[in-house]
Amino acid sequence: FLNPQNPTRLVTGDLDNDGRDEVVLDFPGWGLWVWRNHTSWEPLHPFSARHMAAANLDGAAGEELIVDFEGYGLWTLVNNTTWTRINPFHVTTMTTADLDDNGKAELIASFPASGVWAFRNFQGWSEVHPFEAHRIEPLHIDGGTQIDLVFDFGPSWGLWTYRNNSVWAPVWPY
């Protein structure tokens, strides 16, 4: 076993496009490690993560690993080889979902004091909501193919859904 301490973050995804998911763990003081080919642990990055996700952001084969590194902002591991910074700031929370049903996932991230933004097709960021969210979760609320989101904006604003990549509706409070 790599480290007797429990990992603080865990994410799975097919990072090397071999048809099998890898497991990425963040071990305190050891950084990110990946379980490759279901046989061995390999170091992936020496820094620890605040948040992690894996999704196909570019539509190409394999998934990208998205990591919020404390003090270094948001980075992606593209093609299982190259780390690329996509935003210099850290996030409150983040998730991934194919909001526009084009086969590519968007990264939906809430930034302190600047609201919720979507990173689309490696082309840049677009604002989703001006307020910071405490939690964002993907869901199928209407049974369609398009993924919707539910946002927790905290006690002042409550829960809201974001459907069809454009429609906001309150859940709580009414």
Side-chain angles (χ1 to χ4, degrees), residues 1-100 102-129 132-139 147 149 151-152:
F1 185 68
L2 175 68
N3 186 337
Q5 298 180 15
N6 291 330
T8 56
R9 306 278 182 271
L10 176 144
V11 71
T12 62
D14 187 5
L15 305 179
D16 59 8
N17 192 34
D18 68 354
R20 299 180 294 182
D21 282 350
E22 285 74 44
V23 177
V24 178
L25 295 173
D26 179 5
F27 291 102
W30 292 63
L32 304 183
W33 287 74
V34 61
W35 180 247
R36 287 207 193 276
N37 301 318
H38 307 277
T39 59
S40 64
W41 285 102
E42 296 176 16
L44 190 59
H45 200 282
F47 298 147
S48 285
R50 289 175 43 91
H51 302 279
M52 293 192 304
N56 188 338
L57 299 177
D58 61 7
E63 295 179 316
E64 287 76 42
L65 177 66
I66 305 110
V67 181
D68 177 9
F69 289 111
E70 180 70 47
Y72 295 95
L74 282 171
W75 291 74
T76 60
L77 180 62
V78 180
N79 299 323
N80 198 34
T81 59
T82 307
W83 286 99
T84 303
R85 186 164 79 171
I86 59 173
N87 197 295
F89 302 106
H90 76 85
V91 300
T92 304
T93 188
M94 67 182 192
T95 193
T96 59
D98 185 359
L99 297 178
D100 51 13
N102 68 353
K104 300 175 189 176
E106 284 77 38
L107 170 64
I108 301 92
S110 179
F111 294 94
S114 66
V116 179
W117 294 75
F119 185 68
R120 300 177 189 270
N121 305 319
F122 279 96
Q123 300 298 310
W125 294 89
S126 61
E127 186 178 49
V128 175
H129 197 278
E132 176 184 4
H134 299 273
R135 188 173 173 136
I136 308 167
E137 293 292 332
L139 76 155
I147 295 180
L149 299 170
F151 288 81
D152 176 3

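Note: hydrogens, waters and symmetry copies are ignored here, and every other heavy atom, side chains too, is used.
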If the condition is ring-ring contact (aromatic ring centres under 6.0 Å, His included), which residues does His129 pass it with, not counting sequence neighbours? Phe131, Phe153, Trp168
Under 6.0 Å from the CZ atom of Arg20, do we count more than 12 heavy atoms belonging to anything else shown? yes
Counting distance only, does the side-chain N/O of Asp26 pair as donor-acceptor with the main-chain N or O of Ala49 below 3.5 Å? yes
So CH2 of Trp75 and OG1 of Thr84: to nearest 0.5 Å the spacing works out to 7.5 Å
Residue from Ile108, Ile66, Val116 passing side chain to side chain contact (heavy atoms under 4.5 Å, CB included) with Met94: Ile66
Look at the side chain of Asn121 and the backbone N and O of Gln123, then say whether any donor-acceptor pair between them is shorter than 3.5 Å. no
Separation between CG of Asp100 and CZ of Arg120, rounded to the nearest 0.5 Å: 6.0 Å
Derivation of the side-chain contact (heavy atoms from CB on, under 4.5 Å) call for Glu64 and Asn56: CA-CA 6 Å; Glu64 287 76 42; Asn56 188 338; 4.1 Å; yes
Taking all non-hydrogen atoms of both residues into account, name the closest pair between Ser48 and Phe69 and its distance. O-CD2, 3.4 Å
Ignoring hydrogens and angles, tell me if any N or O in the side chain of Asn79 forms a donor-acceptor pair with the backbone of Thr81 under 3.5 Å. no
Donor-acceptor under 3.5 Å (Trp30 side chain, Pro7 main chain): no
Starting at OG of Ser114, measure out to CZ of Phe89 and round the result to the nearest 0.5 Å. 7.5 Å
Aromatic ring centroids of Trp41 and Trp35 under 6.0 Å? yes
Let's go through Leu44 and Trp83 carefully: what are the C-alpha distance in whole Å and the side-chain angles of both, what is the deciding distance for side-chain contact (heavy atoms from CB on, under 4.5 Å) to 0.1 Å, and is it a yes or a no? CA-CA 10 Å; Leu44 190 59; Trp83 286 99; 4.2 Å; yes
Is there a donor-acceptor pair under 3.5 Å between the side chain of His90 and the backbone N or O of Leu74? no
Walk me through whether Asn80 and Arg36 qualify under side chain to side chain donor-acceptor pair (under 3.5 Å). CA-CA 11 Å; Asn80 198 34; Arg36 287 207 193 276; 3.1 Å; yes
Applying the side chain to side chain contact (heavy atoms under 4.5 Å, CB included) test to Ser110, which of Val128, Thr93, Thr95 qualifies? Thr93
So does Lys104 pair up with Glu106, basic N to acidic O under 4.0 Å? no
So which heavy atom on Asn17 is nearest to which on Ala61, and how close? ND2-CB, 2.9 Å
Salt bridge (Lys or Arg N to Asp or Glu O under 4.0 Å) involving Asp14 - partner list, sequence neighbours excluded: none
Should the pair Tyr72 and Phe47 be assigned to parallel (<30°), tilted (30 to 60°) or perpendicular (>60°) ring geometry? parallel
Would you check if the side chain of Asn87 reaches a backbone N or O of Gly73 as a donor-acceptor pair within less than 3.5 Å? no
Say you draw a straight line from CH2 of Trp117 to CD of Glu127; how long is it, rounded to the nearest 0.5 Å? 4.5 Å
Looking only at heavy atoms, which two atoms of Leu57 and Ala105 are closest? And how far apart? CD2-O, 3.3 Å
Flag the pair Val23 / Leu25 as yes when at least one side-chain heavy-atom distance between them is below 4.5 Å, and no otherwise. yes
Would you check, one step at a time, whether the test side-chain contact (heavy atoms from CB on, under 4.5 Å) holds for Leu32 with Phe27? CA-CA 6 Å; Leu32 304 183; Phe27 291 102; over 6 Å; no
Going through the checks in order, is the side-chain contact (heavy atoms from CB on, under 4.5 Å) test met by Leu65 and Val11? CA-CA 9 Å; Leu65 177 66; Val11 71; 3.6 Å; yes
Calculate, to the nearest 0.5 Å, the distance between atoms NE2 and OG1 belonging to His51 and Thr92 respectively. 7.0 Å
Could you measure the distance from the CD atom of Glu22 to the CG atom of Leu15? Nearest 0.5 Å is fine. 5.0 Å
Return the minimal non-hydrogen interatomic distance between Leu149 and Pro138, and the atom names on each side. CD2-CA, 3.8 Å
For Asp68, the salt bridge (Lys or Arg N to Asp or Glu O under 4.0 Å) test, sequence neighbours excluded, returns Arg50
